[in-house]
There are 4 protein chains.
Amino acid sequence: MLTFAQFGAGRIGAIHAANLSQIENAGLRYIVDVNANAADKLACKYGAKRVDERTALADPDIDAVIIASSTDTHARLIIAAADAGKAIFCEKPIDLSLARVDECLRHARSAGVPLFIGFNRRFDPSFAELHQRICAGDIGVVEQVVVTSRDPGAPPLSYIRVSGGQLRDMTIHDFDMASWLLGEEPVDVFAFGSCITDKKIGEAGDTDSLMIVMKTASGKLAHINNSRRASYGYDQRVEVHGSTGRLVAGNRTATSVEFSNAIAVSTGTPLNFFLERYADAYRIELAAFIDAVNHKRPMPVSGQDGRQAMALAEAALESLRTGRSVKPALFSPP
Amino acid sequence: MLTFAQFGAGRIGAIHAANLSQIENAGLRYIVDVNANAADKLACKYGAKRVDERTALADPDIDAVIIASSTDTHARLIIAAADAGKAIFCEKPIDLSLARVDECLRHARSAGVPLFIGFNRRFDPSFAELHQRICAGDIGVVEQVVVTSRDPGAPPLSYIRVSGGQLRDMTIHDFDMASWLLGEEPVDVFAFGSCITDKKIGEAGDTDSLMIVMKTASGKLAHINNSRRASYGYDQRVEVHGSTGRLVAGNRTATSVEFSNAIAVSTGTPLNFFLERYADAYRIELAAFIDAVNHKRPMPVSGQDGRQAMALAEAALESLRTGRSVKPALFSPP
Amino acid sequence: MLTFAQFGAGRIGAIHAANLSQIENAGLRYIVDVNANAADKLACKYGAKRVDERTALADPDIDAVIIASSTDTHARLIIAAADAGKAIFCEKPIDLSLARVDECLRHARSAGVPLFIGFNRRFDPSFAELHQRICAGDIGVVEQVVVTSRDPGAPPLSYIRVSGGQLRDMTIHDFDMASWLLGEEPVDVFAFGSCITDKKIGEAGDTDSLMIVMKTASGKLAHINNSRRASYGYDQRVEVHGSTGRLVAGNRTATSVEFSNAIAVSTGTPLNFFLERYADAYRIELAAFIDAVNHKRPMPVSGQDGRQAMALAEAALESLRTGRSVKPALFSPP
Amino acid sequence: MLTFAQFGAGRIGAIHAANLSQIENAGLRYIVDVNANAADKLACKYGAKRVDERTALADPDIDAVIIASSTDTHARLIIAAADAGKAIFCEKPIDLSLARVDECLRHARSAGVPLFIGFNRRFDPSFAELHQRICAGDIGVVEQVVVTSRDPGAPPLSYIRVSGGQLRDMTIHDFDMASWLLGEEPVDVFAFGSCITDKKIGEAGDTDSLMIVMKTASGKLAHINNSRRASYGYDQRVEVHGSTGRLVAGNRTATSVEFSNAIAVSTGTPLNFFLERYADAYRIELAAFIDAVNHKRPMPVSGQDGRQAMALAEAALESLRTGRSVKPALFSPP
């Protein structure tokens with residue numbers, strides 16, 4: 001039985017709490033959120049209790065924490081939870097500062113606690129099968145990876161202003177996906193960005209459209225294309241070219257209905273957004289975290305993975321500024 | 001709050017109990033099964049209690065029953081539940097005897113209780129969308145319906161011997177699907193059957209392969225093809241041709257992965273069997289039953305629908321025997 | 001060098017003449033048509049000469065004939081060409097009377113001339129590959145065949161009145177396709193027909209919608225569905241279920257373009273009609289005929305094949321009239 | 001009637017001569033090739049005559065030339081043909097030197113002769129439909145373009161050594177495709193390249209794998225990915241994201257056959273290579289050239305288009321060398 005405290009009672013917190021309630025041998029004891037109302041509501045729904053941070057971490061019966069609060073609280077909570085000896089499941093990103101990320105990693109490492117970063121897309125059944133087939137050798141040696149990641153619409157400007165920017169907030173998932181599928185760290189990154197879907201995003205200092213290319217030491221290549229607005233829905237695809245084959249994971253639709261008339265043969269648009277597309281992924285990632293903690297196995301997505309995606313985002317940001325390809329900063333543990 | 005007693009703690013019973021536990025405003029109080037072990041286990045899992053039939057039906061707090069026990073008990077339980085004034089959710093078929101089916105219908109009607117027959121496929125999101133689009137006029141007037149329904153493998157011979165035969169046990173779902181999509185009762189039925197996948201099925205007096213055609217009064221046509229064994233998995237498709245368009249609902253796959261190599265471009269096989277393919281459908285049908293009971297709306301699948309499918313199966317059986325097309329028996333309420 | 005005379009300068013005649021002009025080692029010398037204008041025009045285009053029937057068949061340099069004139073002339077021309085010792089390529093159907101068909105077959109057989117019937121669909125690359133893979137054992141033993149064959153629109157009523165009816169004119173292609181794919185002769189045929197797309201077709205004594213089922217001696221089953229009007233274009237598909245796999249040949253589109261917007265993901269409709277869909281098939285069947293004549297190999301589609309499709313059409317017609325399944329008439333050579 | 005002289009009797013020359021023979025109102029009079037054998041053979045097949053360059057250009061009856069000889073002869077022949085007042089159809093690239101390209105363009109312009117560059121892919125029915133739908137406004141404003149272009153296998157090293165390199169030889173088609181679909185000139189180009197499919201290509205100083213990103217003045221983005229070896233065949237796809245929709249043009253297969261067994265559902269691999277995939281495109285581009293010359297309309301692919309693709313290739317080459325994004329050289333007419 002793994003007993004959890006959860007930080008954050010917002011949209012993602014609600015997903016994790018619901019998923020936790022379906023897992024046998026795991027229980028949710030505490031909800032912590034500055035929004036007492038939200039915390040109470042979620043706590044009530046799942047038979048948990050709203051407490052403050054200190055109480056939650058001080059309880060020796062708490063084995064693990066879920067950090068699903070706002071980004072600016074992640075690093076502090078990771079450090080506090082590590083000090084308290086809790087296994088940590090933390091939403092991405094660890095922090096917007098790479099130095100602070102490194103601090104978190106060192107802390108978790110020296111405390112000897114498991115640290116899992118919520119790159120949920122790795123647990124999407126399609127992407128997971130694709131990765132598993134790469135590992136099984138189905139396409140030989142990976143040569144090129146193409147990640148298409150396009151949101152149906154932009155978040156509010158208020159969110160964009162504090163998000164750390166499109167590269168750190170949105171592309172970070174794709175940096176992780178590309179690295180994971182390449183099976184090698186990118187050592188060189190180039191990015192073009194622009195603002196073409198909504199001028200206000202540009203005025204807020206951000207991009208809404210990105211095209212990135214990356215290269216590994218052995219010459220493997222990866223491309224990511226992003227947009228804050230895909231008119232046809234949430235576009236989440238991955239394509240991997242290997243020496244003996246190609247694997248593609250496409251979008252998912254709600255039904256298999258196909259309609260034909262005199263004009264066209266048509267099917268449904270992709271599942272609406274991440275809550276729908278990644279519903280399974282959220283469920284599976286939490287189970288994978290619990291399973292790894294229970295069996296003392298390595299975390300399926302480590303703090304180092306979270307750090308790597310952030311380093312690639314930083315490199316891409318510098319590339320945007322300089323018009324040059326940029327090498328991501330290596331992590332040097334203490 | 002709708003309080004249930006459930007008859008049957010087998011495979012389908014387990015599905016309904018699990019789905020019931022996820023529905024707010026509904027609760028499972030009793031499990032009834034001759035297999036006390038199975039009943040206890042299921043009761044325990046969902047906080048219900050094992051009781052006998054009489055106790056379950058005598059409790060005035062029980063609003064509704066789920067009949068998921070063996071086919072030969074359905075009619076008796078429908079009649080008893082109707083007498084006790086319970087809303088009834090009954091698995092198909094109502095009974096293998098059409099006369100007995102009619103008796104059940106009259107009983108439920110005179111008792112004034114809702115009677116729902118578990119043609120779960122109508123609630124499969126793909127088939128449901130297809131039907132909804134027909135109703136919305138997307139393809140004009142329906143002209144022809146093709147139902148493909150092929151199991152990955154045959155049930156044990158012991159089951160086949162008591163099943164009432166392929167037409168009453170397997171095709172009955174397809175008779176319902178075809179009638180529902182035609183929007184008109186078939187008035188003429190012809191069937192060819194043979195035993196080609198496993199001789200032992202033929203020796204047990206049954207077919208394993210069927211092709212059926214049906215015609216409505218206005219000249220609409222329908223075809224059903226069945227096999228007890230589809231080498232590539234569970235094949236469940238529907239195709240409807242209308243005056244201004246065509247709608248097709250195809251199989252579903254577990255993932256969207258596509259693999260290409262020098263030989264072929266390939267995707268996954270259909271979801272394995274009905275437990276996987278119709279997991280959503282089972283969940284949605286139960287919610288639809290509860291919703292209709294709560295709002296005193298007509299049952300989405302009525303006893304008359306269950307009777308209609310059975311009458312078509314009987315007509316097809318007679319066609320097999322005679323080499324003629326056969327008119328299904330009409331239901332004459334008392 | 002195979003030298004041809006061609007009977008018929010209409011739409012199908014124009015296709016054959018054009019295809020012939022692209023084949024090396026084959027030449028078109030004569031065009032025969034009661035419409036002198038059409039014959040002259042086609043003759044001129046391909047460096048041939050308009051002559052009368054007698055002249056064409058009397059020329060000892062003529063090795064082979066293409067019979068693409070109206071159906072009522074086929075039998076007479078087959079007999080005359082056989083008497084003249086020419087290899088014969090004849091459009092379907094041989095004749096609307098089965099007795100007359102048998103006469104043609106006996107005549108060709110006793111004259112020792114090759115007789116090829118133009119079931120062009122067997123040479124469609126998709127259907128041909130499907131058949132070749134069945135023969136290669138890719139799906140084990142064939143168990144069920146489903147043929148979907150739906151025209152984008154009905155021919156003029158004037159044509160329908162002399163066509164011999166939908167079964168003899170349209171379904172005949174599908175009877176051939178089903179027999180060819182079953183690999184066994186159907187021995188029992190049942191048909192439902194109705195008139196639902198255009199009342200005038202019914203008033204002319206014909207059906208516009210058909211559903212047929214057939215059975216072979218070993219229990220294999222086949223289904224054909226037909227409509228004189230498919231709102232979404234020309235629908236030509238085949239599906240074969242075997243003991244170890246399934247093969248499907250679908251429609252073809254003009255391009256691979258896929259369009260997505262907020263409403264749907266859509267692709268093009270099927271190629272418009274038989275001239276577009278079977279352009280390759282017409283070209284390949286003529287080459288196959290020439291190749292078989294040159295190498296004295298059996299005809300890829302024999303007179304017996306043409307007769308078989310006609311016998312199935314006759315059986316289906318009788319089934320429509322009687323509401324019974326009907327055994328097709330066997331061919332007894334002299 | 002447009003009368004042609006053709007330079008080059010190799011593989012591409014043979015395609016153009018065959019296509020020319022099918023076009024009414026156009027004729028091939030001369031074939032010029034240093035390989036007298038090849039020239040004689042092609043000339044004989046199409047009723048043309050082998051002559052030398054001077055004779056061909058001096059004949060005042062020659063209206064137009066097809067330049068399908070080796071790349072190093074293109075510029076000289078363009079200039080000579082322009083001086084002789086002939087309409088010019090020239091295979092890509094114009095020349096490997098951008099200065100020499102500019103010279104050709106100025107020459108053709110001052111001579112007032114039409115100059116068409118053979119970017120045949122623009123005439124592929126799928127890509128052409130996609131472009132036409134962009135122009136029709138189906139997807140609103142174009143925002144991002146992704147071009148996937150992967151050969152089934154590398155050409156011989158002997159060819160690679162004189163090809164000008166992968167960017168000038170292979171990617172040049174994709175630079176044209178991307179520019180054409182963007183509808184705006186890219187003003188900034190970045191490229192990553194590596195050699196991972198065959199070491200010998202790297203030893204010959206070339207890349208075999210490329211990922212390129214480009215940006216236009218208004219912020220539209222494009223990505224190209226290339227490989228000299230795609231294990232699953234010839235991969236030629238295009239994807240265009242616009243403000244209100246997405247258009248994709250995928251690969252084409254030889255047939256529509258789909259095969260299902262216990263392992264997978266599979267379809268055929270893409271058409272083998274450019275001769276198969278672009279057979280229609282070669283035919284249509286020549287007809288389009290002739291049509292434009294006859295009607296004195298602007299060339300559908302101009303010399304400036306050929307120059308633009310070359311300038312992008314040069315920019316990408318410099319980017320490979322410098323690790324920076326590079327602005328392509330503008331063309332300044334005299």
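All of these numbers come straight from a predicted model, not from anything done at the bench. Below, read A as the first sequence line, B as the second, and so on, with proteins coming before strands; counting in each chain starts at 1.
- Without hydrogens or angle criteria, A/Arg324 side chain to D/Thr322 main chain gives a donor-acceptor distance under 3.5 Å.
- Ion pairing between a basic and an acidic side chain is recognised when a charged N comes within 4.0 Å of a carboxylate O; D/Arg237 and A/Glu239 show such pairing.
- The choice from A/Val141, A/Asp235, A/Ile139 that makes the most heavy-atom pairs within less than 4.5 Å of chain D is A/Asp235.
- Put simply, of A/Ser319, A/Ala222, A/Gly323, A/Gly140, the one with the most heavy-atom pairs under 4.5 Å next to chain D is A/Gly323.
- For a heavy-atom cut-off of 4.5 Å, chain D lies close to A/Asp188, A/Val189, A/Phe190, A/Phe192, A/Gly193, A/Ser194, A/Ile196 in residues 182-196 of chain A.
- Side chain of A/Glu143 to main chain of D/Ser227: no donor-acceptor pair is present (N/O by atom type, distance under 3.5 Å, no hydrogens or angles).
- The side-chain heavy atoms of D/Arg150 and A/Arg246, taken from C-beta on, include no pair separated by under 4.5 Å.
- For A/Ala230, no part sits under 4.5 Å from any heavy atom of chain D, backbone or side chain.
- Between chain D and the residues A/Leu210, A/Thr197, A/Thr148, A/Thr207, the largest count of heavy-atom pairs under 4.5 Å involves A/Leu210.
- Atom-to-atom distance recorded for D/Met214:CE and A/Met211:CE is 9.5 Å, nearest 0.5 angstrom.
- Considering NE2 of D/His241 and OG of A/Ser209, their distance stands at 10.5 Å, rounded to 0.5 Å.
- In this structure, the portion of D/Asn226 lying under 4.5 Å from any heavy atom of chain A is its backbone and not its side chain.
- Here the closest non-hydrogen pair linking A/Ser231 and D/Gly242 is OG-O, 4.1 Å.
- Taking the side chain as every heavy atom from C-beta outward, D/Leu221 and A/Asn225 never approach each other to under 4.5 Å.
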